[in-house]
Engineer: 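Sharing a structure here in structure tokens format.
To find a chain, count down the sequence lines: A is the first, B the second, and so on, and within it residues start at 1.
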Amino acid sequence: MADLSALPGGKSPWQSAARFGLYALLLIFAAYYILPLIVVLSTSLKDLDEIRNGTLLSLPAEINFDAWGYAWNEACIGVSCTGLKPYFWNSVAMTIPAVLISTILGALTGYSLTKFKFKGANLIFAMILFGCFIPFQVVLLPMAQSLGYLRIANTVPGLVLVHIVYGLPFTVLFFRNYYVNIPDDLIKAATIDGAGFFMIFWRIMLPLSPPIIVVTIIWQFTQIWNDFLFGASFTTGGGQPVTVALNNLVNTTTGVKRYNVDMAAALITAAPTLVVYVLAGRYFVRGLTAGSVKG
Amino acid sequence: MASLSIQNVKKSYGAIEVLKGIDLDLEDGEFLVLLGPSGCGKSTLLNMIAGLDTITDGEILIDQNVVNDVHPKDRDIAMVFQSYALYPNMSVARNIGFGLEMRKVTKEDREKRVDEAARMLQIDHLSDRKPAQLSGGQRQRVAMGRALVRDPEIFLFDEPLSNLDAKLRVEMRTEIKKLHQRLGTTMVYVTHDQIEAMTLASRIAILREGEVQQFASPQEVYEKPANMYVAGFVGSPPMNFVPAAVVSEDGKLGVSIERTANGNRSSVFLALPDDRQDVGDWIGRDVILGIRPETLTHRSDAEISLNKGLQAFDCQVEVLEPTGADTLTYIELGGREVIARVNPYNTTAPGETMAFMVDMGKASLFDPKTELRI
Amino acid sequence: MMSLMTQKSIPAKKPLSDWFRRNVAKLVVAPTFGLIIFFVYGFIAWTGYVSFTKSKMLPTYSFEGFYQYIRLWKMTPWNVAMENLLVFGSLFILIAIVLGCLLAIALDQKVRAEGVLRTVYLYPMAISFIITGTAWKWILNPGLGIQNLVQSWGWESFSFDWLINSEMAIYTLVIAAVWQSSGFVMALFLAALRGVDSEIIKAAYLDGASLSRIYLVIILPTLRPVFLSCFFILTHMAVKSFDLVVALTGGGPGYSTIMPANFMYEMTFRRNQIGLGAASAMMMLATVMAIVIPYLYSELREKKNG
Amino acid sequence: MKSFTQKLALTTALVSSIALGAVSAQAEPTAEVLHYWTSGSEAKAVKALKEDFEANGGKWVDAPVAGGGGDAQAAVLRSRVLSGNPPAAVQIKGLSIQEWAEAGALGDLTKLGEEEGWDDVLPPLLQKIVKHDGKYVAVPVNIHRVDWIWANPKSLAKVDGEPPRTWDEFNALADKLQAAGITPLAHGGQPWQDGTVFETVVLGMGGAEFFNKAFIEKDMATIKSDTMKKVFDQMRKMRGYVDDDFSGRDWNLATSMVMRGEAAMQIMGDWAKGEFLAAGKVPGKDFLCVPTPSNGGYILNSDSFAMFNVSSEDDKAGQALLARLILGEKFQETFNLYKGSIPARMGVPTEKFDECAVKSMNDLQSASESGALVGSMAHEIAASGAIRGAILDVVTEHFNSDMTSDVAVERLAEAIELAE
């Protein structure tokens with residue numbers, strides 16, 4: 001951290017001007033980042049008349065949560081008017097197992113590839129890592145065929161599998177880069193102490209891993225929760241995740257277009273990831289510091 | 001306690017041969033030091049004894065049992081690492097007890113033994129701390145405690161003192177020595193520090209590029225180095241190497257050393273003691289004369305009269321380096337810089353000529369081609 | 001201690017458990033590796049094969065050579081898509097890195113409310129464009145958003161109509177994409193800045209270097225690995241860009257903002273040209289590989305040396 | 001409560017199965033229906049179908065895929081078919097039906113068709129669309145007319161405008177509207193909407209023969225002809241008549257601009273009428289429907305449900321029930337009243353239909369007799385997805401840039417050649 005103000009000579013007449021400029025810069029960009037959220041939030045709290053008559057950026061005259069309730073319980077998606085509720089739980093049922101399994105597999109694989117190096121471990125890592133870069137459109141058709149073959153097409157377990165597979169390259173990358181910085185001697189010491197492969201993982205590696213586990217879970221949770229392409233391609237009707245339902249909801253109009261409902265629905269959809277970022281954001285940065293991105 | 005036998009052990013990574021057939025036999029209760037510069041294969045050998053590295057060829061036996069394929073935890077060994085390798089997430093007590101826990105020792109028994117080991121190493125007051133809260137020396141002790149508590153057949157040490165400061169290093173060295181004396185357990189100790197090797201070992205194996213150069217007691221290694229490499233590696237300051245020729249002068253067998261003093265070429269003849277008549281075959285051939293600095297000192301006629309091996313010559317002094325007890329005096333012999341260990345009260349100012357004597361009874365002769373001891 | 005010595009013997013070898021112990025790491029990697037082999041490499045091979053067929057509605061498997069590739073490169077929309085990728089990709093990567101780095105340095109100056117600002121910068125990463133796409137469409141829409149707002153403040157001649165201008169629409173994608181990713185870049189840089197050795201900074205300060213010089217000459221060069229990481233993360237985002245285009249421009253006006261991923265999707269699913277879609281997918285993959293493989297190669301070489 | 005509804009459903013099912021004659025007793029007719037009818041009037045119409053289906057004992061599994069006129073649906077459908085688990089009924093149409101049938105993905109409804117006498121009630125043009133190799137593989141739901149101008153009479157009145165009969169009149173009117181500060185044309189800048197406008201201009205300036213030569217025969221001389229250049233010239237003019245924010249706008253939002261008087265006209269198929277009706281507007285009073293200028297031409301679009309290969313008895317029964325209902329007179333009437341289209345089967349009473357629909361029916365008759373009836377290109381009746389896409393690429397690029405008509409014609413020829 002470059003904190004020179006404490007050192008002698010650090011105070012100059014320029015200092016306060018520079019400080020002012022710094023805050024101005026930070027605030028301007030804060031506005032750039034926060035703007036879309038403000039638009040969505042304030043629109044969701046207005047009623048339709050206000051939306052029609054006011055401007056985009058004006059704040060709601062009075063706060064009105066009707067649109068939220070409507071989006072959650074009543075809004076029509078296609079011909080069924082159930083609101084986002086059932087789809088939200090679909091997403092939960094899909095995201096949690098997918099995040100957990102891909103994280104556990106990633107941790108075990110990263111551990112094996114760094115601490116139990118065998119011939120070709122580097123090549124295997126490179127091959128897994130390459131999976132990060134595959135454009136998902138490439139895999140839609142063969143994946144559809146495979147899911148059908150496995151008899152899990154159009155089901156939540158099917159989507160879970162898809163997300164595990166394409167999350168693995170990232171989780172392996174995170175854990176591998178983290179574990180590479182843990183000294184090998186620890187493993188040797190534990191081996192001589194009589195701990196086996198899984199015992200070392202459980203007793204030594206996992207207790208050292210919370211920073212990277214947080215990073216991985218945040219990353220995976222965000223990616224999987226926000227997925228649209230796979231959800232839209234591999235599910236229909238009642239089994240769809242909430243992002244797809246949101247899209248259907250926004251594009252389903254019965255009569256007047258209710259922008260406030262659309263925006264409330266968008267915020268409901270975004271809520272879990274937003275909460276995770278706001279609550280765990282600091283651990284995210286800390287976890288990144290702990291070595292997941294070095295090299 | 002156990003014997004350890006290493007038979008023609010080889011290790012290669014692909015085409016690169018790291019160990020080229022090591023043979024070492026260790027009696028029960030011995031303290032073996034594997035000495036060598038970094039990259040000589042000593043740590044690899046230690047890892048192989050521990051079972052942390054596979055053996056490409058050959059056999060390792062503990063108590064006459066081949067252990068090549070035995071898992072480390074079943075070899076009944078304990079190891080202290082250079083980095084200490086303490087588990088950061090566990091308290092000191094848990095660290096020490098982890099090996100016992102893994103071996104399903106009852107909690108009661110475990111606590112007793114951990115306590116015993118901690119007291120022995122004077123770290124019993126630190127039991128609840130995490131490794132991050134300890135000083136280097138304390139960590140070292142915990143690492144030792146972890147090995148100690150297991151009461152293994154063999155202790156393995158991988159440069160355990162190299163991360164400590166000089167004073168602590170000497171202290172811990174003594175403690176390890178005491179520990180060995182008390183327990184009598186077989187120990188294998190890897191280091192690149194020849195003083196550690198000399199002080200601790202019952203036998204030293206000096207390794208170079210995957211081969212054992214000499215495997216002997218510290219004294220023998222010091223006095224009768226098997227080759228110039230060993231001779232140069234052990235001892236500080238190192239042994240002086242002087243090109244010389246074996247000659248017979250007046251019926252006496254000795255070496256002749258060429259030297260240049262003030263532009264004049266001359267030679268010095270140093271007779272060999274009677275028990276070195278075996279080098280008679282070498283008359284007329286070049287050899288390398290190896291002299292330890294402490295066997296080369298200022299001339300004392302009284303001593304010469306007592307010891308037939310002492311030979312005298314004069315030489316110009318070039319540089320003086322006082323160390324307190326002795327002054328290292330640099331002279332030129334055979335075109336090489338040679339160090340003599342001289343009593344500070346007998347030195348001469350640089351540039352002046354001084355009378356020296358050398359104990360040819362303790363000198364070594366090496367074949368310049370093979371570098372082996374003659 | 002002696003008294004604790006009990007019967008000790010080296011147990012006989014148990015072949016099965018021994019085999020397991022030796023191979024447990026491989027066994028643990030196997031499921032992950034197997035999944036990747038099948039679902040990544042297997043699927044790439046499948047797509048590669050299909051790109052050499054005349055598959056239309058459903059995949060067919062008779063080999064037809066490079067027919068689809070020749071056709072692909074003759075098509076204007078594909079060439080537009082590749083051009084767009086180049087323009088969008090380079091601008092997006094450059095701006096996101098510069099901005100992210102700048103914000104990280106600014107945040108590293110012991111500012112107040114750093115936690116809040118950091119969260120504000122970072123949150124767009126948490127939200128998909130499926131969710132914020134509408135908001136961006138409004139903000140960038142001349143009749144509803146910024147243009148309208150500024151004009152209503154009295155600056156009548158103000159014009160910001162990039163979204164509907166086919167020459168400029170690609171830059172609206174850059175604005176939104178930078179919005180989403182630069183916070184993440186900021187987090188990576190901030191993490192790295194926190195890890196810079198403070199003694200280096202003190203040493204430079206003693207040498208009389210100004211703060212800006214310290215950053216420019218001393219700190220930033222040590223962050224080279226972070227620049228690289230960002231570059232690759234952003235590259236793969238750029239190549240994968242799909243949602244963004246769908247949500248913001250729908251590829252329009254015309255097809256002026258179409259990206260390779262959108263082209264591929266359109267061909268495969270809308271125009272029933274699976275063979276052509278597969279060929280375009282392979283080209284995307286080739287683009288990615290051209291950038292990633294040298295990186296992976298150098299990465300693994302470094303690791304070997306280290 | 002639940003048991004009561006169940007009983008009711010069962011009774012209705014029983015009654016209707018007796019009435020309809022063939023629904024097997026043990027199978028519970030189930031149909032997963034994949035559709036993209038999610039906008040106001042469409043959603044109402046499909047809801048009517050669902051209610052009808054359920055009233056007849058069927059189990060409706062709704063699978064809506066919103067957005068992009070079926071773009072998203074295409075991906076889902078492909079993935080479902082590849083996974084060996086297609087939905088029972090899918091809203092596809094035109095040449096896509098033929099392509100799916102060729103790929104062997106569709107079931108055979110011929111037997112049902114014979115029982116029901118579809119050959120007698122379906123117009124020949126529709127039969128051609130829903131039959132493959134002489135077998136029924138789909139059922140048509142409706143007939144849409146594409147070449148409509150929807151106009152706000154109040155806006156026209158402000159400039160004393162009359163609905164145009166030629167494209168010159170159209171341009172003159174638009175110029176007047178623009179001078180009066182009214183956006184002449186409400187339009188959404190999406191390729192298919194550009195294509196919709198384009199094909200009405202093609203029909204208007206070239207006539208039916210020209211239309212078919214260009215889009216079905218892909219005759220290069222026709223495509224590169226001067227007439228085609230004039231079409232693009234007209235498109236360039238149209239570009240001047242739309243407002244600034246048209247890019248990416250959905251069609252129903254453009255419709256509501258006409259409703260509110262922000263814009264005077266919209267060129268769109270008669271599903272736009274559904275939006276007017278859903279908003280309680282009255283044809284002839286609140287809005288006008290006039291065919292786009294052409295010499296008695298008619299661009300036909302028809303929605304249909306293709307029946308995919310399904311294995312379970314429930315699904316098969318569901319498909320049969322759905323097909324029967326869709327082509328039933330009652331459903332044809334209610335559905336098309338909502339949707340704004342006209343019935344696909346002949347002989348549906350016309351009393352309840354509004355003047356626009358009646359005009360559509362009459363014009364269809366006369367166009368079909370005079371040979372001025374064409375299938376829509378922009379809606380995949382006349383052209384396959386690939387050809388349509390290629391045409392739309394050029395049309396939309398031309399519309400959104402300053403490409404000259406000469407270049408556009410060259411590009412069009414090129415694109416069509418490369419398309420398949």
Engineer: Output the distance between atom CG (Asn23(C)) and atom CZ (Phe116(A)), rounded to the nearest 0.5 Å.
Structural biologist: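 Interatomic distance, Asn23(C) CG to Phe116(A) CZ, rounded to 0.5 Å: 12.0 Å.
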Engineer: In terms of the angle between their ring planes, are Trp138(C) and Tyr259(A) parallel, tilted or perpendicular, with boundaries placed at 30° and 60°?
Structural biologist: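 The arrangement is perpendicular - the two ring planes meet at more than 60°.
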Engineer: Supply the atom-to-atom distance Leu229(A) CG to Phe242(C) CZ, rounded to the nearest 0.5 angstrom.
Structural biologist: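 These two atoms lie 5.5 Å from each other.
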Engineer: Taking the side chain as C-beta and beyond, is there a heavy-atom pair between Leu26(A) and Tyr121(C) under 4.5 Å?
Structural biologist: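 SC-SC contact between Leu26(A) and Tyr121(C) confirmed.
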Engineer: Under a 4.5 Å heavy-atom cut-off, does chain C meet the side chain of Leu22(A), its backbone, both or neither?
Structural biologist: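 Just its side chain gets close to chain C.
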Engineer: Measure the spacing between CG of Leu102(C) and CG of Leu25(A) and express it to the nearest 0.5 Å.
Structural biologist: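 The distance works out to 5.5 Å.
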Engineer: What part of Ser280(C) lies closer than 4.5 angstrom to a heavy atom of chain A: side chain, backbone, both or neither?
Structural biologist: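 Looking at Ser280(C), nothing touches chain A.
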Engineer: Which class fits the ring pair Trp136(C) and Tyr32(A): parallel under 30°, tilted 30 to 60°, perpendicular over 60°?
Structural biologist: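 Geometry flag for Tyr32(A) against Trp136(C): perpendicular rings.
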Engineer: Pick one of side chain, backbone, both or neither for Phe184(C), based on which atoms fall under 4.5 Å of a heavy atom in chain A.
Structural biologist: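 Phe184(C) touches chain A through side-chain heavy atoms alone.
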Engineer: Would you check if Phe228(A) and Phe129(C) make a side-chain contact, meaning some heavy-atom pair closer than 4.5 Å?
Structural biologist: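 No - every pair of side-chain heavy atoms lies 4.5 Å or more apart.
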Engineer: Please tell me if the side chains of Phe269(C) and Ser233(A) come closer than 4.5 Å, counting only heavy atoms from C-beta onward.
Structural biologist: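 Heavy-atom side-chain distance check fails, nothing below 4.5 Å.
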Engineer: Please look at Phe221(A) and chain C and tell me whether the side chain, the backbone, both or neither of the residue comes under 4.5 angstrom of a heavy atom of that chain.
Structural biologist: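 Neither the backbone nor the side chain of Phe221(A) comes within 4.5 Å of chain C.
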Engineer: Given that the side chain runs from C-beta out, which part of Ile124(A) has a heavy atom under 4.5 Å from chain C: side chain, backbone, both or neither?
Structural biologist: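 Contact with chain C: backbone and side chain both.
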Engineer: Pick one of side chain, backbone, both or neither for Val111(C), based on which atoms fall under 4.5 Å of a heavy atom in chain A.
Structural biologist: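 When you check distances to chain A, atoms from both the backbone and side chain of Val111(C) fall under 4.5 Å.
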Engineer: Which bit of Ser102(A) is near chain C, if near means a heavy-atom gap under 4.5 Å: side chain, backbone, both or neither?
Structural biologist: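 For Ser102(A), there is no contact with chain C at all, as no heavy atom is under 4.5 Å.
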Engineer: What part of Tyr23(A) gets closer than 4.5 Å to chain C, counting heavy atoms only: side chain, backbone, both or neither?
Structural biologist: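 Only the side chain of Tyr23(A) comes within 4.5 Å of chain C.
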Engineer: Taking C-beta and beyond as the side chain, do Phe33(C) and Thr109(A) meet within less than 4.5 Å on heavy atoms?
Structural biologist: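 No; the side chains remain at least 4.5 Å from each other.
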